[in-house]
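Read through the structure below, which is laid out as structure tokens, and then see the notes.
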Number of protein chains: 4
Amino acid sequence: MATDRAAGRPRDRRTHEAIVSATEEMIMLHGYAGTSINAIASRAGVGKDAIYRRWPGKPELVYEALFARVDTGPVPDTGTLAGDVAQLTQALVDEFATPAATAALPGLLADFAADPALRTRLRSAFLAPARARMVEIFDRAGARGEIAGTAQVDLILDTLAGAVFFHVGLMGEPRTAELAAQLADIVTTGIGTR
Amino acid sequence: MATDRAAGRPRDRRTHEAIVSATEEMIMLHGYAGTSINAIASRAGVGKDAIYRRWPGKPELVYEALFARVDTGPVPDTGTLAGDVAQLTQALVDEFATPAATAALPGLLADFAADPALRTRLRSAFLAPARARMVEIFDRAGARGEIAGTAQVDLILDTLAGAVFFHVGLMGEPRTAELAAQLADIVTTGIGTR
Amino acid sequence: MATDRAAGRPRDRRTHEAIVSATEEMIMLHGYAGTSINAIASRAGVGKDAIYRRWPGKPELVYEALFARVDTGPVPDTGTLAGDVAQLTQALVDEFATPAATAALPGLLADFAADPALRTRLRSAFLAPARARMVEIFDRAGARGEIAGTAQVDLILDTLAGAVFFHVGLMGEPRTAELAAQLADIVTTGIGTR
Amino acid sequence: MATDRAAGRPRDRRTHEAIVSATEEMIMLHGYAGTSINAIASRAGVGKDAIYRRWPGKPELVYEALFARVDTGPVPDTGTLAGDVAQLTQALVDEFATPAATAALPGLLADFAADPALRTRLRSAFLAPARARMVEIFDRAGARGEIAGTAQVDLILDTLAGAVFFHVGLMGEPRTAELAAQLADIVTTGIGTR
DNA sequence: GCTTAATCGAGACGGTACGTCGCGTCTTGCA
DNA sequence: TGCAAGACGCGACGTACCGTCTCGATTAAGC
């Protein structure tokens, strides 16, 4: 009979939360590059070790603080591929175009891309929920006969995410209300006829 | 009347070239984050001042070393919007998906996005040539009656660039030969029916 | 009336011994500065608290592990002052010039000297047995008429101990067999004629 | 023809002096263990690199700041061995029993003894001037016929230095005015009759 | 030919952040 | 209460870059 109970003093949940909150605040206030582990620890009232004990470095910490939300919402099901993709694209906009995400994403994606160990997790870290939904959406659309054959889920998802990131996150274009609808329209139409 | 000729010893053209070459090599060898001004100067056999005299910092230097190529090629003119967009997309792939660009772009875009002074130059720095071409392509397509009204050049360009950057630059998907064609197809079809 | 017996679980004698042994080994292997409480606890298979429950810190622990031997041997009594001092000096060499003492003493004395609470115990901690013997030796020598008046025990003891510590412990001079005899000779002669 | 001129910006003499002064002050105020490189740099208004560029670590820095005085005084020559040794011993007291030396020496000697690279320099670092003088003093005494044969300079010097260090530096005995005379007397008499 | 002034390589400078280590205290569950 | 384990806040460590500065030497243009 195995005991899963870890030996020693258990990690304090409040320490964890203080770090995550301080990270969020620092990112919003000073951006990704302007956020140092030292400053996070100081603002959280925590030793640096408490951070390094939990995360290997800044990228992993910031990712968890800002993007590791469990996606619990229902999969879009509007009855049409266009409607479903529009809803999913809106979710991407909600994830990538918030002030916090805009402040963090460029630097964060750069750090993930630069580190071989993190690089392999890029897709699963940032696009996993959207991808699962997209697979289901496309399956239903195939069952309805809206599309034929195998859709290239990854390419389409990268296109949507890349468009949102580039347009709003990097170029700083105002996040117009219709952005998701426009992108979804382009992509849905674009793949529909193939 | 005085000449514009600056007094004192003129800058050595070879110094400039040595810096640019060393920058390229360092980026290829150690990536953007692993490339320091110190190391560039040392590899170029040059003092740090010689770099800071010419560029304000690493982002501007790397940008000029890798992306400031003058785009002298002719604007695509295949007779159809789809063909023109495909050629233009291929040019984007050629620019964004080379080994050097893959090594430099994530960190470089992050630095541009983080600095207010650089942020305003993002579009003009990385997409200016493509944008000029795209305007011309769309004008011709409009004249031919292929599309109606004003196309959203920036959104479409950001979508194409974002897709290429995300798919190949970040996610590291193998740069298949058909990538440009597939993207161009999706986007052309997608905007054609509106 | 209550007993002095402490409540709760009594301390484990083997824990004590394991700590002392681990301390000795660590000092021999890595020196005083290279010996951390963490490492001692780990090597002893013991929690850090078990150490801090018994000793206030590293200096006290190392002192007890290496120098708190109860000196049970008989007081030298060779019949002459010179002979007695020679034996006593040899005991000092035996205490200060062993490999373990050489490894521990410089750092240990520094820590004692730096801490006001420990500073007052320096003489009693390291020289108490020798001092008691020296007082007795000098008393007998006085009774025999070898010396007159009050000898400055502390100064002479510090001279002998300082000479041994400096010569062998710090300077690392080979511990020649005649060292104790030479020192005892110098000092005995030096004080004998006053 | 060789140029000894070092390339690059020369080191600033005032930086050097500010570091040395700050080190002295810190040692006096907080002792050896309580003096950190960080604090020295901060007090001197200097970057840490400026310190590590000049000294490998705290021991070397403190040594130079407090003990590397050039000894320019004349060699004692009173006409008798006893008088010369008394003067030399007084110089040792002056060096080892000042407030600054008392604050620094125990920790400093411990660090020197613990590091193999520094260990070899112990004698030359702390006793070189005194040793040169002692050799000369003994030569003269030999010429005068006061002593015969080869005196063990190192052992005698270590005895004197060890006595001073132990008695005043470690045990904190008040530095009585007669200390040097007493020690010199003991040692001179002690070696004279052999 | 001389003066003037900017440029050159080199490297020192004050800072800031890094990731690690040791300190002495504390909080678990078990004995 | 003791015990092993290990989390905790703290602060020093030595390193690496940053962007600026100070050296002596070099290199043209204008007098």
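Throughout, protein chains are lettered first and strands after them, A, B, ... in sequence-line order, and every chain is numbered starting at 1.
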C:Asn38 side chain, from C-beta outward: closest of E:dG22, F:dT15, F:dC18: E:dG22
Separation of atom CD1 in C:Ile40 from atom P in E:dG24, rounded to whole Å: 11 Å
Most 5' of D:Pro56 and A:Gly8 on DNA chain F, judged by nearest nucleotide: A:Gly8
Separation of E:dG19 P from A:Leu61 CG (nearest whole Å): 11 Å
Nearest-nucleotide pick for B:Ile37, side chain only, options being F:dA4, F:dC18, F:dC23: F:dC18
E:dT7 OP1/OP2 closer than 4.0 Å to side-chain N/O of B:Arg11: yes
Side-chain N,O (B:Arg9) to OP1/OP2 (F:dA29) below 4.0 Å: no
Integer-rounded Å distance: E:dT7 C1' and B:Glu17 CD: 16 Å
Length of the line joining A:Tyr52:OH and F:dC8:C1', which is rounded to integer Å: 17 Å
Sugar-phosphate only, base, or nothing, as touched by D:Arg54 at under 4.0 Å among non-hydrogen atoms: sugar-phosphate
Contact nearer the 5' end of DNA chain F, comparing D:Ser36 with B:Gly34: D:Ser36
Toward the 5' end of DNA chain E, by each residue's nearest nucleotide, C:Lys58 or D:Arg53: D:Arg53
Atom-pair distance (CE on A:Met26; C1' on E:dA17), nearest Å: 12 Å
Donor-acceptor pair present, A:Lys48 side chain and F:dG11 base, under 3.5 Å: no
Residue pair C:Val46 / C:Ala50: nearest heavy atoms and the distance that separates them: CG1-CB, 3.7 Å
For atom CH2 of C:Trp55 and atom P of E:dC23, their distance in whole Å: 15 Å
A:Leu29 side chain reached by A:Arg43 side chain, heavy atoms, under 4.5 Å: yes
Name of the residue among B:Glu25, B:Lys48, B:Glu24, B:Met26 meeting side-chain contact (heavy atoms from CB on, under 4.5 Å) with B:Ile40: B:Met26
Nucleotide nearest A:Thr15 (side chain, heavy atoms from C-beta), chosen from F:dG9, E:dG14, F:dA5: F:dG9
D:Leu170/C:Phe112 under side-chain contact (heavy atoms from CB on, under 4.5 Å): CA gap, chis, key distance, verdict: CA-CA 9 Å; D:Leu170 282 183; C:Phe112 266 75; over 6 Å; no
Heavy-atom pair of closest approach, residues B:His16 and B:Trp55: CE1-CZ2, 3.6 Å
Which nucleotide in F:dG14, E:dG19, E:dG9 has an atom nearest any side-chain atom of B:Val46: E:dG9
DNA chain E: 5'-proximal contact among D:Ala41 and B:His16 (nearest heavy atom): B:His16
Length of the line joining A:Arg13:CZ and E:dT27:C1', which is rounded to integer Å: 15 Å
Passing option when C:Leu108 is tested against C:Val62, C:Leu118, C:Ile27 for side-chain contact (heavy atoms from CB on, under 4.5 Å): C:Val62
Between E:dC21 (C1') and A:Ile51 (CD1): distance, integer Å: 17 Å
Sugar-phosphate only, base, or nothing, as touched by B:Gly57 at under 4.0 Å among non-hydrogen atoms: nothing
Nucleotide nearest C:Asp49 (side chain, heavy atoms from C-beta), chosen from E:dC26, E:dA10, E:dA17: E:dC26
Sugar-phosphate only, base, or nothing, as touched by B:Asp12 at under 4.0 Å among non-hydrogen atoms: sugar-phosphate
